[in-house]
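Given the structure is predicted, the values throughout are model-derived calculations rather than measurements. All residue numbers refer to positions in the sequence shown, counting from 1. In what follows, every heavy atom counts, from backbone to side chain, and hydrogens, waters and symmetry copies are set aside.
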Amino acid sequence: ALTLNAAGGLLVNAAVTRSGTGSVKLQSGAPGISINAAVTLDSSATLELNSVGLVTQTAKLIAGSLLIQGAGAVTLTDQGNAVATLAASAGAGALRYVNSSALAVGTITPVGGASPADDVAGIARTGDVALRTVNGNLSLSKGIDVSGAASKRIELELTGAGTAATQQAGANLLGDQLLLRGAGAYTLLNATNNVATLAASTGAGALRYVDENALAVGTITPVGGASPADDVAGIARTGDVALRTVNGNLSLSKGIDVSGAASKRIELELTGAGTAATQQAGANLLGDQLLLRGAGAYTLLNATNNVATLAASTGAGALRYVDENALAVGAITPVGGASPADDVAGITRTGGVGLKTLGGALTVNQSIMVGSAGDNNTSSNIVLVAGNPQDQTLTINAPLKTNASVGLQAGTIEFNGTGAITNIESDSTPGAVRSLLIRATTVNLDADNNGNASVLTSRVGVVGDNLGAVAQRLSTTVAADV
């Protein structure tokens with residue numbers, strides 16, 4: 001091994017080339033290390049940079065492993081850099097690194113050190129960390145931890161099309177902010193990831209992220225960028241997006257937009273009981289499909305949300321959603337799932353469901369079931385509203401099932417196929433729901449059979465009502481709006 005140690009600054013002004021397993025350590029005091037000529041080592045060798053000052057470059061670094069130590073800021077952004085493994089120990093300065101090919105955040109033994117006693121595993125710093133691969137995958141074999149100081153950022157960027165970022169068990173992302181950029185796909189599913197704010201910029205790869213606690217989709221300034229000019233607000237991608245919190249709320253301070261490509265999905269999941277997903281004004285959900293999962297409650301009432309298809313799986317929290325245009329309750333394959341085995345069809349919840357469209361039809365193509373068999377929960381209601389005011393068509397092609405109440409508001413309400421209003425226990429003939437409230441200009445209870453009134457009993461079950469009394473309800477306002 002070769003060690004170059006300078007009490008002051010260290011300038012690399014001539015090329016350094018070593019073959020075989022010969023590792024190199026460059027160590028300096030202030031003002032730091034300036035690499036002005038290429039450093040080229042064998043793929044089995046380690047390059048260690050250790051400085052209390054700045055570490056910069058104007059020439060590329062090539063080695064098997066790159067270990068960064070010391071307190072100073074590190075800016076190694078030459079696109080010709082090529083190492084296989086990166087690790088970094090405690091330091092308050094920002095670390096920015098660009099690699100030309102695939103990169104792993106892993107474990108490195110310091111030059112002259114002993115393994116495993118002296119090993120440096122992953123990146124643990126109290127300054128911001130930004131990593132980019134130009135044309136290769138990013139593998140987190142070990143984690144990135146900047147949680148030791150407030151408001152610190154982790155920024156990952158995959159420039160190359162078809163690239164991917166993944167993490168192994170225990171290789172957690174810990175900090176205040178996580179910014180994901182570039183064309184590649186992100187699969188960051190460790191249940192012990194923990195950041196407060198997430199944002200992501202344009203890319204075609206799917207983005208899947210799991211966080212241990214509360215998470216906000218918000219605004220992040222890139223490491224080395226200027227605010228507000230360079231800020232990334234929310235998530236805007238042309239690939240699918242799936243977010244899950246294990247035990248915390250999901251706050252949409254900024255929106256999620258995957259509408260730039262066809263048939264893209266937004267999937268939100270709240271695993272923890274009593275959790276909630278909310279959105280601020282302007283923080284819209286835009287895409288083709290919206291899948292809502294988990295135990296938590298969803299209150300997504302922006303008038304400019306716009307998706308084509310909605311589905312939701314079992315959860316005790318109430319689900320309330322407003323859409324700007326037409327909306328269908330259908331079947332959606334989870335991001336990363338397989339169809340039809342993993343498909344979520346319709347809405348199945350134990351908390352109430354309220355859906356409202358403002359400028360388009362509302363169509364129920366898959367069943368909506370709220371509550372459970374034997375359930376007498378009066379809050380497990382189904383409320384469907386088409387139009388604002390109610391001037392659009394509500395088409396019910398599948399059963400609405402609850403033991404509580406059903407409220408329907410639309411210009412025209414049509415029942416087709418297996419469309420019916422029934423309690424949860426009934427399989428064929430509709431059983432009685434607690435109450436039915438309808439407001440509409442026209443109600444067609446058998447739209448696919450030319451309005452044959454004799455099939456009323458195959459469509460609606462209501463406690464204590466003669467089914468003919470449905471006609472008397474046409475001017476009744478739905479008791480609970482969305």
Side-chain angles (χ1 to χ4, degrees), residues 206-208 239-244 256 258-259 261-271 277 285-296 298 300 305-357 360-372 380 382-386 392-402 406 408 413-422 424 426-428 447-448 482:
L207 188 165
R208 302 169 63 198
D240 299 312
V241 171
L243 307 180
R244 178 166 77 93
I256 302 175
V258 297
S259 63
S263 304
K264 296 305 175 182
R265 297 163 288 184
I266 298 172
E267 179 182 333
L268 307 178
E269 183 172 357
L270 302 169
T271 305
L285 297 168
L286 305 174
D288 184 68
Q289 302 170 55
L290 175 60
L291 176 57
L292 305 176
R293 311 182 76 181
Y298 291 90
L300 306 171
N305 290 326
N306 196 349
V307 303
T309 304
L310 174 70
S313 61
T314 304
L319 188 164
R320 300 167 65 205
Y321 176 75
V322 172
D323 197 276
E324 181 178 16
N325 295 306
L327 177 68
V329 176
I332 299 176
T333 305
V335 179
S339 182
D342 299 322
D343 286 358
V344 176
I347 298 174
T348 304
R349 310 278 297 176
T350 53
V353 171
L355 306 179
K356 183 176 185 178
T357 62
L362 177 55
T363 305
V364 180
N365 290 324
Q366 299 284 343
S367 67
I368 300 176
M369 186 172 79
V370 178
S372 56
S380 298
I382 299 173
V383 178
L384 305 179
V385 179
Q392 299 291 326
T393 299
L394 169 59
T395 303
I396 301 171
N397 298 323
L400 308 180
K401 305 185 76 171
T402 180
V406 175
L408 308 177
I413 300 174
E414 295 187 350
F415 287 79
N416 294 311
T418 60
I421 298 173
T422 180
I424 293 171
S426 299
D427 292 325
S428 53
D448 55 355
V482 175

Applying the side-chain contact (heavy atoms from CB on, under 4.5 Å) criterion to L355, which one of V322, V385, V329 satisfies it?
V329

Is it the case that the side chain of R349 and the backbone of G317 share a donor-acceptor pair, with hydrogens and angles ignored and the cut-off at 3.5 Å?
yes

Between atom CG of L270 and atom CZ of R244, what is the distance when rounded to the nearest 0.5 Å?
10.5 Å

What are the two closest heavy atoms between T393 and A386, and how far apart are they?
O-CB, 3.8 Å

As an exercise, state the distance from CG of L362 to NZ of K356, rounded to the nearest 0.5 Å.
12.0 Å

To the nearest 0.5 angstrom, please state how far the CD1 atom of I368 sits from the OG1 atom of T402.
10.5 Å

Which atoms form the tightest heavy-atom contact between S339 and T333, and what is the distance?
CB-OG1, 3.3 Å

For N397 against T418, the heavy-atom pair lying closest together:
O-OG1, 3.2 Å

Does D288 use its side chain to pair, donor to acceptor, with the backbone of A262 at less than 3.5 Å?
no

Closest heavy-atom contact between A331 and Q366?
N-CG, 3.9 Å

Indicate the atoms forming the closest heavy-atom contact of L400 with V364, along with that distance.
CD2-CG1, 4.1 Å

What distance do Q289 atom CD and S263 atom OG have between them, rounded to the nearest 0.5 Å?
6.5 Å

Would you say the side chain of L268 lies within less than 4.5 Å of the side chain of I256, judging by non-hydrogen atoms?
yes

Measure from the side-chain N and O atoms of R265 to the backbone N and O of L291, and report whether any donor-acceptor pair falls under 3.5 Å.
no

How long is the gap from CG on L243 to CG on L207, to the nearest 0.5 Å?
6.5 Å

In short, F415 meets A420 closest at the heavy-atom pair CD2-N, 3.9 Å

Using side-chain contact (heavy atoms from CB on, under 4.5 Å), reason through E269 and T271 one step at a time and then give a plain yes or no.
CA-CA 6 Å; E269 183 172 357; T271 305; 3.9 Å; yes

Identify which one of V307, T357, V353, I347 satisfies the side-chain contact (heavy atoms from CB on, under 4.5 Å) criterion when paired with Y321.
V307

Distance in Å, L290 CG paired with I332 CD1, rounded so as to fall on 0.5 Å steps
6.5 Å

Give a yes or no answer on whether the side chain of S313 reaches the backbone of V344 with a donor-acceptor pair at less than 3.5 Å.
no

Examine distances only and state if a side-chain atom of T350 and a backbone atom of G371 form a donor-acceptor pair shorter than 3.5 Å.
no

Quick one: does L292's side chain get under 4.5 Å of L310's, heavy atoms only?
yes

Using modelled atom types and a 3.5 Å cut-off, is there a donor and acceptor pairing between side-chain atoms of E267 and backbone atoms of V335?
yes

